Amino acid sequence: MVWPSFDFKVKDVKHRRLWLLVAVIITVYCSKCLSYPVSSSSSPGLAVPAPEIIKFMKRFGYLDSSSSDSEALYHEEAIKDAVKNLQKFGALNQTGILDNATLQLMISPRCGVPDIDPRRSRNKRYIVGAKRWQKKKIKYFIANWSAKVGEQKVADDMAKAFNIWSQYSNLKFKRVYDPAADIIVAFGAQYHGDNYPFDGPGNILAHAFYPYEMDSFGGDIHFDEDENWKENSTDLADGVDFFAVAVHELGHSLGLAHSPIYSSIMFPYYKGPRQTNLDFDDILAMYELYIKATFDEVDDEESDEQNGGDSHTTEMVDIEQTTVHATTPSSENRSTTFEGDFETVDSHKRKHGTITTARPRTTKPSYRPTEPTKATPIIPDICEGYLDSVTAFRGDIFIFKGKYIWRLTDKHRIMEGYPIKLWDMFPFLPKHIERISASYEKPFDDTLVIFSGKQYWIYDGYSLVGNTPKLLTSLGIDGAIQEIDAAMYWPKNKRTYLFANKVFWRYNEDLSVMEPDYPKNMTRWNGLPSTIDAATSIGNATYFFKGNIYWLYNNKWIRPERGFPRRMSHDWLGCPLTQRQRIRQFRFRTRH
Ligand SMILES: [Zn+2]
Ligand SMILES: [Zn+2]
């Protein structure tokens, strides 16, 4: 027997390991069959390839996976067809012979989604995986990220990838901080919550689920945390380019299966960072799936209900009505918000507290010519998250959102009689104030510090103290800062932290001074996004909040505890979960 020669060099440990695997495969395979194709003398017409090869072929759909026996006998023709198909999806000559190139293909880095799936439609030039999204506005949630790439890069690259697909599909994507999103993007290692464990470094890099596939996971994208992820890596030995993999996986999330055409984004094997745009077939598929198809709002609502009925519909309607509202002539001193311009809607909602309820299903959004009266602000839906501030004050937890305050019981349920208006608790606040953006309890005298806009107040339970209100600049904060996002006293080092605009300050309560060399960048808080909504320490436990998620923070190791972030509204307020949300309460651990 002649050993095959390989055209890749044994550069490092990883490649050496892969080379050994090939050697093992060939040894095992050839010890049983000598050369391919061949019939075993004891059972004519049958061939028994090595278990690794059988496993690969079953995993990616080339052989029927219903047999649980990896040593099962397959008919020679079935194996040959499988090899031909495997070669087709690797853009190799379809010889049906397991040659060097084919074996090397099998150990190349690739996507974990099967190449051949009985559910997909085969009658088109491009290949559609399963169903398409039944709506045009799709929300995504980045549950965690790899420290090798970092939160900002993961967020930027995902936004870039969504943008590429958006151009050819007319779908609108919006990042939310809520696990109820349509698409959850997450990193996981080995077993990570679904039935498709990752495999350590190399081979499978990521996988994704088709829209509505497996119900709870539909649309989700998982990246193998054990890969050596890198930004703009042109050499696989240096690392795997994150963006290249993200664009491909997103194709699955939108309903596309693998393509055997090498130039397609949906080619199953890793091609490096060269390709930054869609190929003809990818564009054609998007056109057929999403542009030729018609959508309307009724369609949106019904399909949402059919697929688990979480709160998207209400929120989408909410966005539209808010948008319409903002463009009516009666809205004075407001910047115009364009239909579908998601980026401005959250800030709009937060500023104006215009939370509305879903309209009747079959009617179009109605224009509302008048403002809600200023005297009775609409109570924001606390179960949507996006809290302004969370603080423990004299043993009770208070949550601030818009012009309202919620107080929680020991068991994290809303206390009877709440919410109350800001002025019920703080009668000294000016009437024009829209919200309390941050708050914390001072550790030594149990006074409460509350922030709104460029001012802060110190409250002792009866009246204002410390000559407040004062301006943020009196604390040594730059005058350009419009408001503080979050504030907390950190028991770990007995300092107070103020957060705003991707930076934070550290304040010394003993000396009543801001410490020198601040502000510093939020990246110092491992595992947290660059901006947060709220933060608080209760006893020795520290929590950070963003959208509808929160992190319990490990103060010793300066990173989130395992299993975080989790859904805030369920854990903190007892807001009910739909069945779909319950299933989706799986956890990802972020490594640092
Ligand atoms: Zn794929
Ligand atoms: Zn997964």
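Sequence positions, counted from 1, serve as the residue numbers for this chain. As the structure lists them, so they are numbered: ligands from 1, and atoms in each ligand from 1. FYI, side chains are in, hydrogens and waters are out, and symmetry mates aren't considered; it's all heavy atoms of this structure. All values reported here derive from a predicted model rather than from experimental measurement.
Cation-pi geometry between R59 and Y196 is not satisfied (NZ or CZ under 6.0 Å from the ring centre, within 45° of the ring normal). Remark: R110 qualifies as a cation-pi partner of Y269 under the 6.0 Å distance and 45° angle criteria applied to the six-membered ring. By the 6.0 Å and 45° rule, K230 does not stack over the aromatic ring of F242.
Around the Zn ion (ligand 2), the two atoms OD2 of D194 and NE2 of H192 are separated by an angle of 110°, to 10 degrees.
Atoms of the protein (N, O or S only) found under 2.8 Å from the Zn ion (ligand 1) are C111 SG, H248 NE2, H252 NE2, H258 NE2.
The side-chain contact (heavy atoms from CB on, under 4.5 Å) test with M286 is passed by exactly one of D282, L289, L284: L289.
Residue-environment remark: NZ (K148) exceeds the threshold of 12 foreign heavy atoms within 6.0 Å. For NZ of K502, the number of neighbouring non-hydrogen atoms (other residues, nucleotides, ligands) closer than 6.0 Å is 12 at most.
Summary: ND1 is the N/O/S atom of H222 found nearest to the Zn ion (ligand 2).
When only modelled atom types and interatomic distance are considered, T102 and D99 share a side-chain donor-acceptor pair under 3.5 Å.
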